[in-house]
Amino acid sequence: MSTVTRFAPSPTGYLHIGGLRTALFSWLWARHNDGKFLLRIEDTDRARNSEEALEAIIKAFDWVGMNYDGDVVYQSKRFDLYKQYIDQLLAKGKAYKCYMSKGELDALREAQMARGERPRYDGRYRDFEGTPPEGIDPVIRIKAPKEGVISFVDGVKGEINIAADEVDDFIIARSDGTPTYNFVVAIDDALMGLTDVIRGDDHLYNTPKQIVVYNALGFKLPKFYHVAMINNEQGKKLSKRDGATDVMEYKRMGYLPEALLNFLVRLGWSHGDQEIFSLEEMVSLFDPKDINKSASSYSPDKLLWLNAHYIKNTPNAKLAELLKEFGVDIAEHDRLEMLLDATKERGKTLVELAEQINLVLNAPSEYDAKAVKKAFKGEAKEILVDFIAMLQTWEKPLHLPSDYHAVLEALVAEKEIGFGKIGMPLRVALVGALTGPGVDEMMAIIGVDETIERIEKAVATIEN
RNA sequence: GACCCUUUCAUCUAGUGGCCAAGGAUGCUACGUUUUCAUCGUAGUCACAGAGGUUCAAAUCCUCUAGGGGUCGCCA
């Protein structure tokens with residue numbers, strides 16, 4: 001039987017980073033087995049806007065390079081189907097109407113809590129034969145087993161046993177007739193042919209409830225995998241306060257999708273000592289049996305490290321394309337390769353890389369105060385002036401970094417000075433700071449005219 | 001409160017009774033490379049939650065305790 005997995009988010013408007021990880025696990029497992037990865041929107045709560053939410057999810061999937069098979073299933077469009085199953089259970093006596101009011105329910109729960117019990121429905125209408133109370137629209141409850149143990153083997157956690165009396169006769173249809181979550185999930189997962197359900201372990205307690213539905217309807221159980229949550233750096237549940245939880249936020253911050261995926265796949269999953277995984281490797285190596293049991297904490301440092309790694313290993317032409325969204329258009333630059341080779345190791349994100357590029361390409365509008373103090377002193381001015389003269393009279397071509405290096409070597413030889421004497425002031429003249437790409441590279445990138453212009457400006461600054 | 005899940009360096013993790021006086025990666029600290037910064041390389045730093053068992057042998061099995069997380073809706 002071919003593997004079928006799914007991602008079933010409720011429409012919140014954006015794709016959460018934790019959601020992306022469970023989606024990734026499901027997607028990888030489907031692709032690994034040449035199976036199907038389905039998408040379903042859990043919108044039985046009709047107030048939310050599902051279309052927009054779906055769009056956001058698909059956008060995020062597109063960005064990271066994931067896709068889904070078949071048509072998207074909207075639960076809000078399947079109410080007739082669910083109704084049939086509710087009627088079927090009612091007819092077979094596997095479900096029943098309950099006339100308890102919300103007030104009565106609250107009172108019951110309170111009393112149970114006071115006695116130190118786990119609050120649950122007491123089953124008072126389970127075998128009710130009398131006349132129902134007036135003026136109450138009943139809910140429909142399913143008959144859960146009253147004794148014994150509901151157990152299943154979780155692919156991540158192992159065997160899970162829940163005492164049957166922990167699972168009450170939960171509501172499968174509200175008093176307005178609409179079906180509830182645990183009921184429709186079980187039906188859809190069964191009807192959509194799911195073989196492997198991979199989801200967050202906050203659903204662990206829903207599983208026995210869904211098993212009750214599977215059993216009542218005679219559906220075959222899929223295999224369940226409950227993946228532990230991602231916590232923040234403090235080990236608490238990841239929330240909006242912890243910064244970026246929206247996947248697309250990472251795109252805006254200059255992360256590469258490969259880096260984000262690589263980061264997420266290693267959160268709660270591993271393959272020996274391997275840290276770097278291409279998408280192809282993930283597909284071929286992923287197996288949910290290697291998923292960790294315990295929760296993991298989100299750590300931005302490792303994500304940053306991965307991002308730097310992927311930036312360094314991305315072809316320059318592709319980087320140039322990506323940088324357009326960050327206000328840097330260098331696709332047509334005639335020194336593109338040189339420019340990116342000189343800068344890509346200095347930016348951990350595309351945002352930082354864009355900054356580095358701008359630093360090289362644009363003449364400094366001001367000089368860093370500390371750098372000026374350190375570099376523009378002594379005979380710096382004279383050396384810079386000599387260097388300009390040398391560049392202007394140089395007879396060999398000036399194209400490559402090595403060409404410029406030859407000029408510098410000639411200068412230090414003639415003046416009998418150390419490299420630092422010209423290196424430091426030259427660097428400040430070029431970019432206004434003491435750090436950055438090599439001066440040879442920078443001069444080759446901006447060309448001899450721009451180089452001279454920048455040095456002249458520095459000389460003028462020193463004079464004032 | 002009840003029930004369920006979970007517990008190896010600061011963080012992500014390897015580890016399924018002997019290969020572990022616990023390995024890799026990130027971070028951090030040095031040093032080297034670099035005219036600078038970054039990259040890169042080398043080294044260092046740092047952990048089996050605690051207590052009892054079982055066993056010739058336990059990070060690995062059992063029990064209890066403690067910490068963390070989740071769930072207890074006519075939300076999903």
- Stretch residues 406-420 of chain A: residues that reach within less than 4.0 Å of RNA chain B through a heavy atom: A/Phe419

Can you check the [X] [atom1] to [N] [atom2] distance for me, whole Å?
X: A/Asp341; N: B/C40; atom1: CG; atom2: C1'; answer: 15 Å
X: A/Ile383; N: B/U35; atom1: CD1; atom2: C1'; answer: 13 Å
X: A/Leu359; N: B/A38; atom1: CG; atom2: C1'; answer: 13 Å
X: A/Asp168; N: B/U71; atom1: CG; atom2: C1'; answer: 12 Å
X: A/His309; N: B/G27; atom1: NE2; atom2: C1'; answer: 18 Å
X: A/Asp301; N: B/C28; atom1: CG; atom2: P; answer: 6 Å
X: A/Trp305; N: B/G24; atom1: CH2; atom2: P; answer: 14 Å
X: A/Glu110; N: B/A2; atom1: CD; atom2: P; answer: 18 Å

- Could you pull out all residues at least two apart from A/His405 that satisfy ring-ring contact (aromatic ring centres under 6.0 Å, His included)? A/Phe419

Sort out the partner of [N] for me: Watson-Crick or G-U wobble, both distances under 3.5 Å, none otherwise.
N: B/A14; result: none
N: B/U29; result: B/A43
N: B/A2; result: B/U71
N: B/C61; result: B/G53
N: B/A66; result: B/U7
N: B/C19; result: none

Polar contact flag, side-chain donor to acceptor under 3.5 angstrom, [X]-[Y]:
X: A/Asp43; Y: A/Ser76; answer: yes
X: A/Asp301; Y: A/Ser299; answer: no
X: A/Asn316; Y: A/Glu337; answer: yes
X: A/Asp169; Y: A/Tyr96; answer: yes
X: A/Ser26; Y: A/Arg21; answer: no

For atom [atom1], what is the distance between [N] and [M], given to the nearest Å?
N: B/C61; M: B/G23; atom1: C1'; result: 23 Å
N: B/A59; M: B/C48; atom1: C1'; result: 4 Å
N: B/A22; M: B/U13; atom1: C1'; result: 13 Å
N: B/C20; M: B/A47; atom1: C1'; result: 13 Å
N: B/C46; M: B/C9; atom1: C1'; result: 5 Å

- Note on the structure: Protein heavy-atom contacts under 4.0 Å, written 5' to 3' over nucleotides 3-19 of chain B as B (base), S (sugar-phosphate only) or - (none), form the string BSSSS---SBSS-----

For [X], which contact category applies under a 4.0 Å heavy-atom criterion: base, sugar-phosphate, or nothing?
X: A/Lys421; value: nothing
X: A/Gly116; value: sugar-phosphate
X: A/Val185; value: nothing
X: A/Gly438; value: base
X: A/Arg120; value: nothing
X: A/Pro437; value: base
X: A/Met100; value: base

- Message: Determine whether the aromatic ring centres of residues A/Phe170 and A/Tyr121 are separated by less than 6.0 angstrom.
- Response: no

- Message: For A/Phe25 and A/Tyr225, I'd like to know if the aromatic rings sit close, meaning centre-to-centre distance below 6.0 Å.
- Response: no

Report the residues that fulfil side-chain contact (heavy atoms from CB on, under 4.5 Å) with [X], sequence neighbours left out, ordered by chain and then residue number.
X: A/Arg427; answer: A/Val431, A/Val439, A/Met442
X: A/Ala56; answer: none
X: A/Met229; answer: A/Asp201, A/Asp202, A/Asn231

- Message: Of the options B/U36, B/G73, B/A38, whose atoms approach the side-chain atoms of A/Arg109 most closely?
- Response: B/G73

- 5'-most contact on RNA chain B: A/Glu345 or A/Asn182, nearest heavy atom basis? A/Glu345

- Mapping A/Lys348 and A/Ser101 to their closest nucleotides on RNA chain B, which lands nearer the 5' end? A/Lys348

- OP1 or OP2 of B/A76 under 4.0 Å from side-chain N/O of A/Arg40: no

- Classify the side chain of A/Asn206 and the base of B/A76 as holding, or not holding, a donor-acceptor pair under 3.5 Å. yes

- Between A/Thr44 (side chain) and A/Thr180 (backbone), is there a donor-acceptor pair under 3.5 Å? no

